[in-house]
2 protein chains.
Amino acid sequence: MKKVTRKEEIIKTAAKLFKEKGYSAVTMRDLASAMGIKAASLYNHINSKQDILKAIIIEVAEDFTHGMRAIIASEQSNISKLKKVVELHVSISSNNTNGIAALNNDWMHLEDQLEYYLKLRNEYEANFLSIIEQGISANEIKNSNPEIIMFSMLSTLRSLYLWIPKKDTLNSNELANGLSEILIEGINI
Amino acid sequence: MKKVTRKEEIIKTAAKLFKEKGYSAVTMRDLASAMGIKAASLYNHINSKQDILKAIIIEVAEDFTHGMRAIIASEQSNISKLKKVVELHVSISSNNTNGIAALNNDWMHLEDQLEYYLKLRNEYEANFLSIIEQGISANEIKNSNPEIIMFSMLSTLRSLYLWIPKKDTLNSNELANGLSEILIEGINI
DNA sequence: TGAACAAACTAACACTTGTTAGTTTGTGTA
DNA sequence: TACACAAACTAACAAGTGTTAGTTTGTTCA
C-alpha cells in the first residue's frame, strides 16, 4: 500500500530524462514540462537539481553495495559468488535502468556526495576483485590477469541498462543464466 | 612532418574536457581557459561548439566502420575475425580515449550528424552480429544467444577507454591477447 | 619597408539557467 | 463553515550561455 509521493514522481521522471540527455543537458524547465507543470512548482517538492541527482545515484549505489556485501559474507564457491554478482546486476538493472544510467554517466556531477559515492564504488570493485583472486587461488578460475577479468565482467554488467529495455522478451532468469554462461565459460566450443 | 593546427589543438583539448564532464557541462569559456585564451578567440578557428563535437565523434565512428569493413571482407575463420575486432578496439581506444568517451556518452547531442552516426553504428553492430552468427553456423562458436554474445563483447570493448588510461603498464598486444582469451575461452578451468 | 595573415583581444548581444518570493486554487477534515 | 495543506501558479532575479563584430598584435616574406 505504498503511496507514491509527488517528490518520487519527479525523481523518477528526472531519471528518465537524465538517461536520454544526461544530467547537464536537462533543464528544470524540461523536467517541469515532462511533469506537466511550471519549473518553479518543482521546488514545492524538491530542494534543488543537485538533490535529485544525489537521490537517484546514491540509492542505486547503496543497492549494489549491500548486495555485494551479502555475497562476500556468504559461504559458497567463488564461481557461485560470481554468478550471484551477475544476478545482482541483472536484478537491479531490470528494476531501474534510468537510475543506473545516471550512476554510470553523471556521477561526476555529484558535488557534496562525490566522495561518498567513490568510496562505495571502490569498495565494490575491491570486493569484486577479491572474489576473482580467491577463485584463482582455489583453482576455480583460470590464472589470467584478475583485473582484466574484472574489467571485462564489470563492463558488461554496467552496460545492462542499455540493453535490457531493448530485450524485454527475455526474462531476468534467462538473461542472468545466459550471461553467466558466456562470461564464465566463454563462447568457443 | 604533420603540422598540428590550432584548430586541431582546440578539438583535442575539447575532447579531454568532454571526457571529464560531458559535452553539455563544458562551456566555451572552460575550453578557452584550458587553451589559455578567451572564449571569443576560439571562433577564429572553429565554427561552433557543435562542430567540435561532430569532428570528434564522426572521426572515431568512421575509424570503426572502416576497420570493421576490412575484417568482414577478409578471408579467415570467424573466431579469427572476432580476435581482429578486439584488436581494432584496443588499437583505436589506445590512441584516442577521449574521442571514444565522446562517442559513447555524447552522441545524442549530435544534431545534423545524428542520423549519419546512427547509420554507421547500426552497420557496425549488424556486421559484428553476422560474424557471431556465421561462427555459430560453422560450429566455431557455441550455440548461445548471439545477441547476448555480441552485447557482452561489445560492452567490454566500448568500455576500454575508461580502463586503458589506468593501466598504461600493459601494452596493446598483451591487452588484446588477454581480452581475446577471456572473451572467447571464458574464465573457468 | 610594408602587405598579408594568423591569432589573440574587448565589448556586447540575446537568450537560457537554477532558483526565490509571494500568491492562488482546490480538497479533505475539525 | 472554517481551516489546514498540498500543489500549482506568476513574476522576477542574477549569473551564465554560445556567439558576433570589430580591433589589436606580432610574425613572415616579397
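By convention in this document, chain letters (A, B, ...) are assigned in the order of the sequence lines, proteins followed by strands, and residues within each chain are numbered from 1. It should be emphasised that the depicted structure is a prediction, and the values quoted were computed from it without experimental measurement.
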Distance check needed: [N] [atom2] versus [X] [atom1], whole Å only.
X: A/L31; N: C/dT16; atom1: CG; atom2: P; answer: 18 Å
X: B/I52; N: D/dT19; atom1: CD1; atom2: C1'; answer: 12 Å
X: B/Q50; N: D/dT19; atom1: CD; atom2: P; answer: 8 Å
X: B/I37; N: D/dT25; atom1: CD1; atom2: P; answer: 18 Å
X: A/K21; N: C/dT16; atom1: NZ; atom2: P; answer: 13 Å
X: A/L42; N: C/dT17; atom1: CG; atom2: C1'; answer: 14 Å
X: A/K38; N: C/dT23; atom1: NZ; atom2: C1'; answer: 16 Å
X: A/I10; N: C/dT19; atom1: CD1; atom2: P; answer: 13 Å

**Prompt:** Which nucleotide in the set C/dA7, D/dT10, C/dC9 lies at the smallest distance from any side-chain heavy atom of B/R6?
**Reply:**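 In terms of side-chain proximity for B/R6, the closest of C/dA7, D/dT10, C/dC9 is C/dA7.
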**Message:** Working note: B/V90 + B/N173, criterion side-chain contact (heavy atoms from CB on, under 4.5 Å); need CA distance, chi angles, decisive distance, verdict.
**Reply:** CA-CA 9 Å; B/V90 171; B/N173 272 340; over 6 Å; no
**Message:** Just N and O in the side chain of A/H45: are any of them under 4.0 Å from OP1 or OP2 of D/dA7?
**Reply:**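 Affirmative; the distance criterion is met.
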**Message:** Can you tell me if A/S41 touches the phosphate of D/dA7, counting only side-chain N or O atoms and a distance under 4.0 Å to OP1 or OP2?
**Reply:**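 So the side-chain polar atoms of A/S41 never come under 4.0 Å of the phosphate oxygens OP1 or OP2 of D/dA7.
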**Prompt:** Which ones in residues 102-114 of chain A lie close to DNA chain C, meaning a heavy atom under 4.0 Å from one of its atoms?
**Reply:**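 Close to the strand, none.
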What are the atom names and distances for every N/O pair under 3.5 Å that joins the protein to nucleotides 24-28 of chain C?
none

**Message:** Tell me if the side-chain of B/N44 makes a donor-acceptor pair with the base of C/dA8, cut-off 3.5 Å, by modelled atom types.
**Reply:**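 A donor-acceptor contact between them is present.
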**Message:** Quick one: does any side-chain atom of A/D106 pair with a main-chain N or O of A/H109 as donor and acceptor, under 3.5 Å?
**Reply:**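 Looks like no, no N/O pair under 3.5 Å.
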**Message:** When you measure from the side chain of A/E185 to the backbone of A/S180, do you find a donor-acceptor pair of N or O atoms at a distance under 3.5 Å?
**Reply:**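 The answer is no, because no donor-acceptor pair under 3.5 Å joins these two groups.
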**Message:** If the condition is salt bridge (charged side-chain N to carboxylate O under 4.0 Å, His left out), which residues does B/E62 pass it with, not counting sequence neighbours?
**Reply:**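 Salt bridge (charged side-chain N to carboxylate O under 4.0 Å, His left out) check on B/E62 returns nothing, list empty.
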**Request:** Using salt bridge (charged side-chain N to carboxylate O under 4.0 Å, His left out) as the criterion, list what pairs up with A/R6, not counting sequence neighbours.
**Result:**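 A/R6 satisfies salt bridge (charged side-chain N to carboxylate O under 4.0 Å, His left out) with A/E9 only.
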Just to verify, what does [X] make a ring pair (Phe, Tyr, Trp, His ring centres under 6.0 Å) with, not counting sequence neighbours?
X: A/H45; result: none
X: B/Y124; result: B/F64, B/H89
X: A/F128; result: none
X: A/Y161; result: none

**Prompt:** What pairs meet the side-chain hydrogen bond (donor to acceptor under 3.5 Å, both in side chains) rule with one or both residues in residues 125-135 of chain A, with sequence neighbours excluded?
**Reply:**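 Those involving residues 125-135 of chain A are A/E125-A/R158.
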**Message:** The test is side-chain contact (heavy atoms from CB on, under 4.5 Å); show your working for B/K7 and B/I46 and say whether it passes.
**Reply:** CA-CA 6 Å; B/K7 177 175 180 176; B/I46 53 98; 4.1 Å; yes
**Prompt:** What one-letter contact string describes nucleotides 11-18 of chain D from 5' to 3', where B marks a base within less than 4.0 Å of any protein heavy atom, S marks contact via sugar-phosphate atoms alone, and - marks no contact?
**Reply:** BB----BB
**Request:** Kindly compute the distance separating CD1 (B/I58) from CG (B/L110), expressed to the nearest 0.5 Å.
**Result:**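 It is 5.5 Å, given to the nearest 0.5 Å.
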**Lys NZ or Arg CZ of A/K49 over A/Y23 ring: under 6.0 Å, within 45°** =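 Checked: cation-pi criterion met.
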**Message:** Angle between the two end axes of the helix from C/dT1-D/dA30 to C/dA30-D/dT1, five base pairs per end, rounded to 10 degrees?
**Reply:**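 For the helix from C/dT1-D/dA30 to C/dA30-D/dT1, the axes at either end differ by 0°.
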Under 3.5 Å, which donor-acceptor pairs link side chains of residues 25-40 of chain A to any protein atom two or more places apart or in another chain?
unit_1: A/T27; atom_1: OG1; unit_2: A/R29; atom_2: N; d: 3.3
unit_1: A/T27; atom_1: OG1; unit_2: A/D30; atom_2: N; d: 2.9
unit_1: A/T27; atom_1: OG1; unit_2: A/D30; atom_2: OD1; d: 3.4
unit_1: A/T27; atom_1: OG1; unit_2: A/D30; atom_2: OD2; d: 3.3
unit_1: A/D30; atom_1: OD2; unit_2: A/K21; atom_2: NZ; d: 3.4
unit_1: A/D30; atom_1: OD2; unit_2: A/T27; atom_2: N; d: 3.1

